[in-house]
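Have a look at the structure below, then the notes.
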There are 2 protein chains.
Amino acid sequence: MPFTYEYPRAALTVDCVVFGFDGEGLKLLLIERGLEPFKGRWALPGGFVRVDEELEHAARRELHEETGISEVVLEQFQAFGGINRDPRERVVSVAYFALTRLDDHRPQASTDARQAVWFNANELPKLAFDHQAIIQQALTHLRSRVRVEPIGFHLLPPKFTLTQLQGLYESVLGREVDIRNFRKRVLAMELVVALKKEFQRGRQRPAQLYRFDPKRYEQLKKSGFQFEL
Amino acid sequence: MPFTYEYPRAALTVDCVVFGFDGEGLKLLLIERGLEPFKGRWALPGGFVRVDEELEHAARRELHEETGISEVVLEQFQAFGGINRDPRERVVSVAYFALTRLDDHRPQASTDARQAVWFNANELPKLAFDHQAIIQQALTHLRSRVRVEPIGFHLLPPKFTLTQLQGLYESVLGREVDIRNFRKRVLAMELVVALKKEFQRGRQRPAQLYRFDPKRYEQLKKSGFQFEL
DNA sequence: TTGACTTACTGTCGTTTTCACAATATATAA
DNA sequence: TTATATATTGTGAAAACGACAGTAAGTCAA
């Protein structure tokens with residue numbers, strides 16, 4: 001036990017609220033804790049930040065260790081520092097939200113976690129620590145971000161139909177959207193490009209596939225364009 | 001030195017980016033550091049979080065100790081955790097921004113700070129640590145918040161003219177605003193009420209004084225109203 | 001082959017919002 | 001009385017918004 005300080009110190013952790021979308025609704029990735037405290041309870045993936053490690057790196061590392069996910073879009077959104085949020089001792093957690101394409105990540109079990117499972121965002125089990133509150137904040141944050149930045153695309157496959165995009169926005173915002181007006185707005189922004197001769201087939205009329213155009217977005221942003229849906 | 005841990009720990013601090021407005025432009029409150037490191041350099045008010053202290057409480061305490069300011073609007077906006085942001089050791093800082101009425105706070109010197117002084121937000125001196133970057137983020141954050149929440153009013157005196165309000169928005173957003181359209185929008189929201197027979201006098205036509213109506217705002221918010229300027 | 005089914009796709013029109021723009025009003029100061 | 005400084009107000013054209021429903025293009029099963 002060689003690390004000694006003049007004053008007591010809080011421990012520092014990161015937690016990740018990982019969002020996914022399966023065409024039906026918004027999903028959240030939770031792990032079942034394999035260790036005390038809250039052993040067996042569902043929780044956000046996360047863990048301690050090493051003393052020589054960047055916060056975002058810690059978030060990526062823990063996410064990878066506990067769920068197998070890597071190369072994901074991460075955004076820090078708030079620090080949680082309530083005095084008794086961890087029963088062991090004072091722990092301050094920096095929370096990130098992650099956006100990922102659901103089916104890139106059939107999650108696997110791992111080190112500290114018994115298993116990692118996707119839950120419907122509005123049917124969550126009882127959670128460890130203050131993770132319920134963290135998720136609440138993450139949802140609020142996501143809802144306000146998704147309308148002014150084109151981050152929703154990270155939740156969809158690289159090629160998607162406008163119907164899928166609309167479904168995503170309806171899930172995140174929690175309300176229905178008029179199909180004609182939605183399509184008009186999306187196409188007017190010219191941020192998505194139709195893929196020639198690529199369609200999603202089913203037992204109905206094939207749907208045009210699109211992809212998001214990040215370069216176009218950078219261009220537009222430079223000339224003062226403001227994303228809005 | 002009785003506080004010993006199995007692994008090394010980062011220290012935890014808070015920093016406050018305090019905004020003010022004097023009718024001319026946006027101001028920032030900085031302190032001159034009285035201690036090493038960066039002794040004599042300008043810095044954000046802030047300091048260590050006690051192990052049994054809420055983050056926001058620490059922010060308020062440090063702000064009060066170093067500048068005399070209390071009862072201010074505080075909002076957490078980001079944690080800064082760069083590995084070498086403090087030359088002594090690993091320090092993670094949770095940053096807050098504060099909005100205050102400039103002339104309520106003729107700042108005074110104090111404990112750890114030689115002096116506290118208001119600077120023009122766009123003429124800042126060389127700063128300690130990564131405080132330049134923290135301020136940059138705070139400004140970005142303020143600019144996006146001020147358009148969708150009526151927080152700008154905290155920077156004005158309780159009674160203000162529409163011209164003052166407009167000047168504030170022009171300072172924060174960094175661009176000019178059409179006077180007629182601005183006034184129309186503000187008055188249409190019905191969030192400010194004209195004070196009968198109260199005017200600001202000068203060597204010109206007296207200007208109607210208004211006050212912000214927080215109750216009205218709560219009402220409107222409940223019925224789905226969205227502030228926007 | 002045909003008809004039923006499923007989902008994709010598209011356009012109009014009235015209303016509202018936005019934006020550009022400048023003249024008059026009311027006080028003080030000389 | 002006049003000069004000066006700032007406060008205050010309205011209109012019209014263009015663009016954006018929002019409500020609204022019928023046709024298109026495939027699959028599937030009889």
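Order of the sequence lines sets the chain letters (A, B, ...), proteins ahead of strands, with each chain counted from 1.
- When the C1' atom of C:dA8 is taken as reference, atom CD of A:Q200 falls 11 Å away, rounded to whole Å.
- The NZ atom of B:K197 sits 14 Å away from the P atom of C:dA27 (whole-angstrom rounding).
- Atoms CG (B:L229) and C1' (C:dT18) sit 14 Å apart, rounded to a whole Å.
- Computed from coordinates, the A:F199 CZ to C:dT7 C1' distance equals 14 Å when rounded to whole Å.
- Rounded to an integer number of Å, the gap from A:Q164 CD to C:dC9 C1' is 16 Å.
- When the options B:E65, B:H57, B:H64 are evaluated for a side chain to side chain donor-acceptor pair (under 3.5 Å) with B:R61, the one that passes is B:E65.
- Nucleotide D:dT6 holds its C1' atom 5 Å from the CD atom of B:Q204, rounded to whole Å.
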Self-check item: Per-nucleotide protein contact string for nucleotides 9-19 of chain D, where B marks a base within reach and S marks sugar-phosphate only (heavy atoms under 4.0 Å, - for neither)
Solution: BBB------BB
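- Side chain of A:H131 to backbone of A:A43: no donor-acceptor contact under 3.5 angstrom is found.
- Atom CG of A:L209 and atom C1' of C:dT7 are 14 Å apart (whole Å).
- Between the side chain of B:E66 and the main chain of B:G46, a donor-acceptor pair closer than 3.5 Å is present.
- B:T163 comes within 4.0 angstrom of sugar-phosphate atoms only, judged by non-hydrogen atoms across all strands, and of no base.
- Computed from coordinates, the B:E228 CD to C:dT18 P distance equals 8 Å when rounded to whole Å.
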Practice problem: Check the pair B:L99 / B:F21 against side chain to side chain contact (heavy atoms under 4.5 Å, CB included), numbers first and verdict last. | Solution: CA-CA 9 Å; B:L99 301 178; B:F21 180 70; over 6 Å; no
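- The side-chain hydrogen bond (donor to acceptor under 3.5 Å, both in side chains) analysis of residues 120-129 of chain A, with sequence neighbours excluded, yields the pairs A:K27-A:N120.
- When atom types are taken as modelled, the side chain of A:R60 and the backbone of A:V72 share a donor-acceptor pair closer than 3.5 angstrom.
- Comparing D:dA5, D:dA25, D:dT8 against the side chain of B:Q208 picks out D:dT8 as the nearest.
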